[in-house]
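First up is the structure itself, then whatever we jot down about it.
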Amino acid sequence: MTQVIENRAYGIDEASYQSTNITDYPGAKFTIVKTTEGLDYQNPKARAQIASAKNAGIPVGGYHYARFSADSSVAVQEGNYAVENAKGMGIPLGSIYACDWESGSGNHVDRGADASANAILAFMDTIAKAGYKPLLYSGKELLTKNINTKKITDKYGDCLWVAYYKPSGREDVADFNWFPSMDHVVIWQFTQNWKGMNVDANITVKKLEVNVNTVKPAPTKTTSTERTWTDVQGLTWHAEEGTFITGGAINLRWGATTQSMIITQLPAGSVVKYNAWARDSSGRVWLQQPRENNHYGYLVGRVGDDAWGTFK
């Protein structure tokens, strides 16, 4: 089925801060829903937001908030994680799906324009291989100063979703006197407060046609007896509530891999509450620490039979 988003159509993007009912945003002709972030976050409202748009006949796409910085290997991992969740949440194959690459949440934007572009391309390639239409979302300044954007548009053409705002705050209509003059832009995010509804607003600057296939959301697992699961990296996790006291300095990371970004280094004697563990192919036992806003931190608690602290 071909879905058409006309040129100069207004749309929104949604995260967990927004409503699950698309009718709360009158005038939106399309929506782009945040599904995931890094390797450990899923938007808890995404399924409902996607279903609401589809039920209203409004084209829906998705986006992933990147934390891979300029690391192409981690970018592929995040791409696979994004695809797995986008399919499970009901984003139709063929839909637009964006890599949200900006500063924050551990994503570093100062690792070199070429290296950053290569990592972004690794993510977009993973998305495209899965059957989605990849876009790159970022601000005008990062696109022009921190990313070799030409390398990306040379491969994917009109694929940019650029954020650039007037300083006045609320905007009801896009003021094209403020349009960022860049090549290969398809969507312009022109305000963070559309019509006073406290939602990002976007406008297409080219007609978008996407061939979508229906993807039914994967059923939510509600059984209380299921105690293990396998993540996108192939690690088998075991639910277990416990306390770990670090025996020395240990890095706390955003993902259960030594390539993942470091949140902080925990000093000896730090008390960590964890809710699951998994053993990787090198014999490291990773502990999953619940954090705010449905995020998780990961640290190594044991290598082989050698505990790096005390389990309670």
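One-based numbering along the sequence shown.
More than 12 non-hydrogen atoms from other residues, nucleotides or ligands lie less than 6.0 angstrom from CZ of Phe176. A 6.0 Å sphere centred on CD of Glu141 holds no more than 12 heavy atoms belonging to other residues, nucleotides or ligands.
Here the side chain of Trp101 pairs a donor or acceptor atom with the backbone of Ser69 at under 3.5 angstrom. Remark: the backbone N or O of Thr236 is not paired with any side-chain donor or acceptor of Thr230 at under 3.5 angstrom. The backbone N or O of Leu39 sits nowhere less than 3.5 Å from a side-chain atom of Tyr296 that would complete a donor-acceptor pair. The backbone N or O of Gly61 sits nowhere less than 3.5 Å from a side-chain atom of Ser95 that would complete a donor-acceptor pair. In this structure, Tyr81 contributes its side chain and Tyr41 its backbone to a donor-acceptor pair below 3.5 Å. With Arg253 contributing its side chain and Ser260 its backbone, the two residues share a donor-acceptor pair below 3.5 Å. A side-chain donor-acceptor contact under 3.5 Å links Asn107 to the backbone of Glu102. Thr126 places no side-chain N or O within donor-acceptor distance of the main-chain N or O of Gln77, the cut-off being under 3.5 Å. Side-chain atoms of Thr246 come within 3.5 Å of backbone atoms of Gly269 as a donor-acceptor pair (strictly under, hydrogens ignored). When atom types are taken as modelled, the side chain of Glu209 and the backbone of Gln3 share no donor-acceptor pair closer than 3.5 angstrom.
Gln49 and Asn43 form a side-chain donor-acceptor contact under 3.5 Å, judged by distance and modelled atom types alone. Of the N and O atoms on the side chains of Gln189 and Tyr137, at least one donor lies less than 3.5 Å from an acceptor on the other residue. Counted by atom type alone, Glu37 and Ser105 present one or more donor-acceptor pairs between their side chains at under 3.5 Å. For the residue pair Asn146 / Asp110, no side-chain donor-acceptor distance below 3.5 Å is found, with atom types taken as modelled. Side-chain polar atoms of Gln289 and Arg291 form a donor-acceptor pair below 3.5 angstrom. No side-chain donor from either of Gln42 and Thr36 sits under 3.5 Å from a side-chain acceptor of the other. Under the 3.5 Å distance criterion, with hydrogens and angles disregarded, a donor-acceptor pair is assigned to the side chains of Asn275 and Gln288. Side chains of Thr243 and Lys273: a donor on one and an acceptor on the other come within 3.5 Å.
None of Asn177, Thr191, Asp175 except one satisfies the side chain to side chain donor-acceptor pair (under 3.5 Å) rule with Lys166; the exception is Asp175.
Annotation: the span from Ile152 atom CD1 to Leu160 atom CG amounts to 7.5 Å, rounded to 0.5 Å. Atom CG of Asn202 sits about 6.0 Å away from atom CD1 of Ile187, to the nearest 0.5 Å. Taking CH2 from Trp237 and CH2 from Trp286, the interatomic distance works out to 8.0 Å, rounded to the nearest 0.5 Å. One distance of note links CD of Gln265 with CG of Leu299; it measures 12.0 Å at 0.5 Å rounding. Rounded to the nearest 0.5 angstrom, Lys45 NZ and Met89 CE are separated by 13.5 Å. Taken from CG in Leu136 to CG in Leu142, the straight-line distance is 9.5 Å, to the nearest 0.5 Å.
Within the 4.5 Å cutoff, no side-chain heavy atoms of Met261 are placed close to those of Phe68. Contact annotation: the side chain of Val109 never approaches that of Ser116 to less than 4.5 Å [non-hydrogen atoms, C-beta and beyond]. Side-chain atoms of Met182 and Val162, non-hydrogen and from C-beta on, do get closer than 4.5 Å to each other. Contact of the Leu208 side chain with the Val4 side chain is not registered, since no non-hydrogen atoms from C-beta on lie closer than 4.5 Å. Within the 4.5 Å cutoff, side-chain heavy atoms of Thr258 are placed close to those of Arg284. Within the 4.5 Å cutoff, the side chain of Cys99 has no heavy atoms near those of the His64 side chain. Inter-residue side-chain proximity for Tyr298 and Trp254 is flagged as unmet; no heavy-atom pair is nearer than 4.5 Å. With contacts defined as side-chain heavy-atom distances shorter than 4.5 Å, the pair Leu93/Val212 does not qualify.
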Verdict with reasoning, Thr2 to Asn211, per side chain to side chain donor-acceptor pair (under 3.5 Å): CA-CA 4 Å; Thr2 300; Asn211 296 311; 2.5 Å; yes
Side chain to side chain contact (heavy atoms under 4.5 Å, CB included) assessment of Thr149 paired with Asp183: CA-CA 10 Å; Thr149 303; Asp183 294 330; over 6 Å; no
Check against side chain to side chain contact (heavy atoms under 4.5 Å, CB included), Thr31 and Asp13: CA-CA 5 Å; Thr31 184; Asp13 53 275; 5.8 Å; no
Evaluation steps, salt bridge (charged side-chain N to carboxylate O under 4.0 Å, His left out), between Asp71 and Arg111: CA-CA 9 Å; Asp71 190 321; Arg111 302 295 169 85; over 6 Å; no
Intermediate values then yes/no, side chain to side chain contact (heavy atoms under 4.5 Å, CB included), Leu143 and Ser138: CA-CA 6 Å; Leu143 288 169; Ser138 196; 3.9 Å; yes
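Annotation: cation-pi geometry not satisfied between Lys29 and Tyr10 (NZ/CZ under 6.0 angstrom from ring centroid, within 45° of ring axis).
Under 4.0 Å is where a charged nitrogen must lie from a carboxylate oxygen, and between Lys155 and Asp125 at least one such pair does. A salt bridge does not link Arg67 with Glu78: every distance from a Lys NZ or Arg NE/NH1/NH2 to an Asp or Glu carboxylate oxygen is 4.0 Å or more.
Nearest approach of Gly94 to Val210, heavy atoms of both residues: O-CB, 3.4 Å. Of all the heavy atoms in Phe30 and Ala9, the pair that sits closest is CE2-O, 3.4 Å. Here the shortest heavy-atom pairing between Ser19 and Asp24 reads OG-OD2, 2.5 Å. Among all heavy-atom pairs drawn from Cys159 and Met124, the shortest one is SG-CE, 4.2 Å. The shortest heavy-atom contact between Asp114 and Lys151 is OD1-NZ, 3.7 Å. Between Ala128 and Tyr156, the closest heavy-atom pair is CB-OH, 3.7 Å.
In this structure, Phe179 and Trp188 have perpendicular ring planes: the angle between them is above 60°, well past the 30° mark. Using a 30° and 60° split on the angle between ring planes, Tyr97 and Tyr132 fall in the tilted class, from 30° to 60°.
In terms of hydrophobic clustering, with Ile, Leu, Val, Met, Phe, Trp and Tyr side chains grouped at heavy-atom distances under 4.5 Å, Ile245 and Leu287 are assigned to different clusters. Linking Ile, Leu, Val, Met, Phe, Trp and Tyr whenever their side-chain heavy atoms come within less than 4.5 Å leaves Ile32 and Tyr17 in two separate clusters. In this structure, Ile91 is not a member of the same hydrophobic cluster as Tyr65, with clusters built from ILVMFWY side-chain heavy atoms closer than 4.5 Å. There is no path of hydrophobic side-chain contacts, each under 4.5 Å, that joins Ile262 to Val272. In terms of hydrophobic clustering, with Ile, Leu, Val, Met, Phe, Trp and Tyr side chains grouped at heavy-atom distances under 4.5 Å, Val76 and Leu235 are assigned to different clusters.
For an aromatic pair to be called close, the ring centres must be under 6.0 Å apart, and Phe311 with Phe244 satisfies this.
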